[in-house]
Amino acid sequence: MKKIIAVLAVLIGLLLVAGFGFVLLFMEEPEDTMLVDNPNSQSQDGQPQLNVPKEVVTQADELEALDVYTQQNQDTVGWLRVPGTTINNSVLQSHDNMTYLRTNEAREYDIYGCYFADWECSVGERENFSPNTVIYGHSDLKDNPEGPRFSQLFRFTDPDFARETPVISFSTLDGGFMEWEVFAVFYTEKTFAYIDASPEGGVDQLAKAAQEKSLYDYGITVGPGDKILTLSTCTVKYGAQDNDHRFVVMARLLPEGAEAPKEARLTAGEPAE
């Protein structure tokens with residue numbers, strides 16, 4: 001009896017070893033993580049970590065990161081970076097404005113969604129941009145400049161920050177690195193048609209109306225042939241339950257090769273309510 005038990009024990013042991021070897025043999029190898037470093041991981045501010053091998057701080061970094069993100073998600077159309085904030089990530093665009101409302105760059109549900117361009121906007125080579133390119137992003141509904149995503153736009157309510165941040169970048173693979181000079185920072189009702197890709201009356205008239213609402217006078221003239229960039233997010237300035245107002249930052253595309261200003265020459269404005 002003892003011999004039989006011993007023989008059975010040996011056979012079971014051999015089967016376990018063989019089974020383990022079989023599993024190892026047919027296990028899939030992990031994906032190359034040199035550039036795609038855990039796309040579902042979260043940073044301290046709640047945003048998906050950049051799936052690139054280094055921090056994005058230069059023009060070349062933006063285009064490199066954009067290339068990587070485009071390979072991961074074909075809806076990627078550009079890279080947005082606002083100096084002095086955590087707004088430094090890809091911009092997506094779909095066939096509507098709902099797809100990425102609560103979906104992040106990794107195509108996963110996320111209460112803060114991602115940065116996405118209005119579906120009616122044309123994005124690509126600089127000459128093919130819509131007159132008004134609109135990018136949406138969520139805030140934390142606290143107007144907290146330290147919050148995630150476009151909450152960081154509320155830093156522009158600080159005159160010192162606004163003065164030190166005259167330019168933001170929104171770049172594309174087709175258009176290359178592009179800088180945009182801020183000319184208006186304002187709160188507005190949604191009835192103001194600031195999100196039209198081709199504004200009635202032209203971008204110069206839209207810009208003029210935006211500047212009348214602006215917290216500051218930037219002293220910048222936007223011409224009818226200019227391209228403008230509009231960043232829009234929610235605000236609770238007029239009440240926690242209010243959904244009729246937005247906080248907006250607008251900028252104009254600088255000519256290719258133009259030297260970007262180091263500081264905004266702004267004065268306190270008299271924004272319209």
Side-chain angles (χ1 to χ4, degrees), residues 80-85 87 115 117-118 121 129-139 142-145 147 149-170 178-239 242-255 258 260-273:
L80 177 66
R81 181 159 61 105
V82 179
T85 75
I87 300 169
Y115 306 124
D118 191 287
C121 293
F129 266 69
S130 298
N132 180 25
T133 299
V134 184
I135 298 177
Y136 304 107
H138 287 296
S139 72
K142 297 178 182 177
D143 291 9
N144 174 20
R149 292 294 185 181
F150 267 178
S151 302
Q152 301 270 317
L153 288 180
F154 289 101
R155 294 191 179 191
F156 279 98
T157 61
D158 176 359
D160 290 335
F161 179 86
R163 187 172 293 105
E164 295 167 0
T165 314
V167 171
I168 60 183
S169 63
F170 177 55
M178 287 175 278
E179 292 183 297
W180 307 71
E181 184 178 20
V182 178
F183 65 82
V185 173
F186 60 96
Y187 294 91
T188 183
E189 290 185 332
K190 292 192 298 182
T191 52
F192 176 41
Y194 71 96
I195 61 172
D196 290 350
S198 297
E200 185 177 352
V203 292
D204 54 331
Q205 295 303 308
L206 173 61
K208 183 178 180 181
Q211 288 170 321
E212 291 175 353
K213 294 173 175 286
S214 184
L215 301 179
Y216 321 107
D217 179 2
Y218 279 86
I220 294 173
T221 299
V222 177
D226 281 332
K227 307 283 188 180
I228 66 175
L229 179 69
T230 297
L231 310 182
S232 176
T233 194
C234 296
T235 176
V236 293
K237 178 178 175 64
Y238 301 95
D242 174 73
N243 190 39
D244 294 328
H245 291 82
R246 296 291 183 266
F247 183 69
V248 182
V249 175
M250 277 187 174
R252 65 169 181 173
L253 178 61
L254 288 174
K262 304 298 183 184
E263 184 176 277
R265 297 180 179 179
L266 55 84
T267 56
E270 296 292 337
E273 292 294 336

task = Kindly write out the residues that satisfy side chain to side chain contact (heavy atoms under 4.5 Å, CB included) with Arg265, not counting sequence neighbours, or none if the list is empty.
result = none
query = Does any non-hydrogen side-chain atom of Thr85 lie less than 4.5 Å from one of Phe161?
reply = yes
message = Is any side-chain heavy atom of Phe150 closer than 4.5 Å to one of Leu80?
response = yes
task = Please work out whether the ring planes of Phe170 and Phe129 are parallel, tilted or perpendicular, with thresholds of 30° and 60°.
result = perpendicular
ask   = Any donor and acceptor pair, going by atom type alone, linking the side chain of Gln211 with main-chain N or O of Ile220 inside 3.5 Å?
value = yes
ask   = Under a 4.5 Å cut-off applied to non-hydrogen side-chain atoms, are Lys227 and Trp180 in contact?
value = yes
query = Is a donor on one side and an acceptor on the other found under 3.5 Å between the side chain of Asp158 and the backbone of Arg155?
reply = no
key: Step-by-step salt bridge (charged side-chain N to carboxylate O under 4.0 Å, His left out) determination, Asp160 to Arg163   = CA-CA 5 Å; Asp160 290 335; Arg163 187 172 293 105; 3.4 Å; yes
key: Side-chain heavy atoms of Leu215 within contact of Thr157, under 4.5 Å   = yes
ask   = Do Met250 and Leu206 have side-chain heavy atoms sitting under 4.5 Å apart?
value = yes
Donor-acceptor contact below 3.5 Å, side chain Ser151 vs main chain Pro145 = no
ask   = Is there a side-chain contact between Glu181 and Pro261 (heavy atoms, below 4.5 Å)?
value = yes
task = Kindly give the heavy-atom pair with the smallest separation between Lys213 and Phe192, and that separation in Å.
result = CE-CD2, 3.7 Å
task = With the side chain counted from C-beta on, respond yes when Ser169 and Met178 share a heavy-atom pair under 4.5 Å apart, and no when they do not.
result = no
Main-chain N/O of Thr267 paired to Asp217 side chain as donor or acceptor, under 3.5 Å = no
request  = Output all residues satisfying side chain to side chain contact (heavy atoms under 4.5 Å, CB included) with His245, sequence neighbours left out; order by chain, then residue number.
outcome  = Glu189, Thr235, Tyr238, Asp242
request  = Say whether, by atom type as modelled, one donor and one acceptor occur between the side chain of Lys190 and the main chain of Asn243 under 3.5 angstrom.
outcome  = yes
ask   = Looking only at heavy atoms, which two atoms of Cys234 and Phe154 are closest? And how far apart?
value = O-CZ, 3.4 Å
ask   = Taking C-beta and beyond as the side chain, do Ile87 and Leu231 meet within less than 4.5 Å on heavy atoms?
value = no
query = Distance-only, no hydrogens or angles: does the Thr233 side chain make a donor-acceptor pair with backbone N or O of Ser139 under 3.5 Å?
reply = yes
ask   = Looking at Val182 and Ile168, what are the two nearest heavy atoms and their distance?
value = CG2-CG2, 4.4 Å
Contacts under 3.5 angstrom, residues 130-138 side chains, donor-acceptor by atom type, not counting sequence neighbours:
| from | atom 1 | to | atom 2 | distance (Å) |
| --- | --- | --- | --- | --- |
| Ser130 | OG | Ser122 | N | 2.6 |
| Asn132 | OD1 | Thr230 | OG1 | 2.7 |
| Asn132 | ND2 | Tyr194 | O | 2.9 |
| Asn132 | ND2 | Asp196 | O | 3.0 |
| Tyr136 | OH | Asp118 | OD2 | 2.6 |
| His138 | NE2 | Leu101 | O | 2.7 |
| His138 | NE2 | Arg102 | NH1 | 3.4 |

request  = For Val236 and Asp143, work out which heavy atoms get closest and say how close.
outcome  = N-OD1, 3.0 Å
Distance (rounded to the nearest 0.5 Å) between Leu266 CG and Phe156 CZ = 10.5 Å
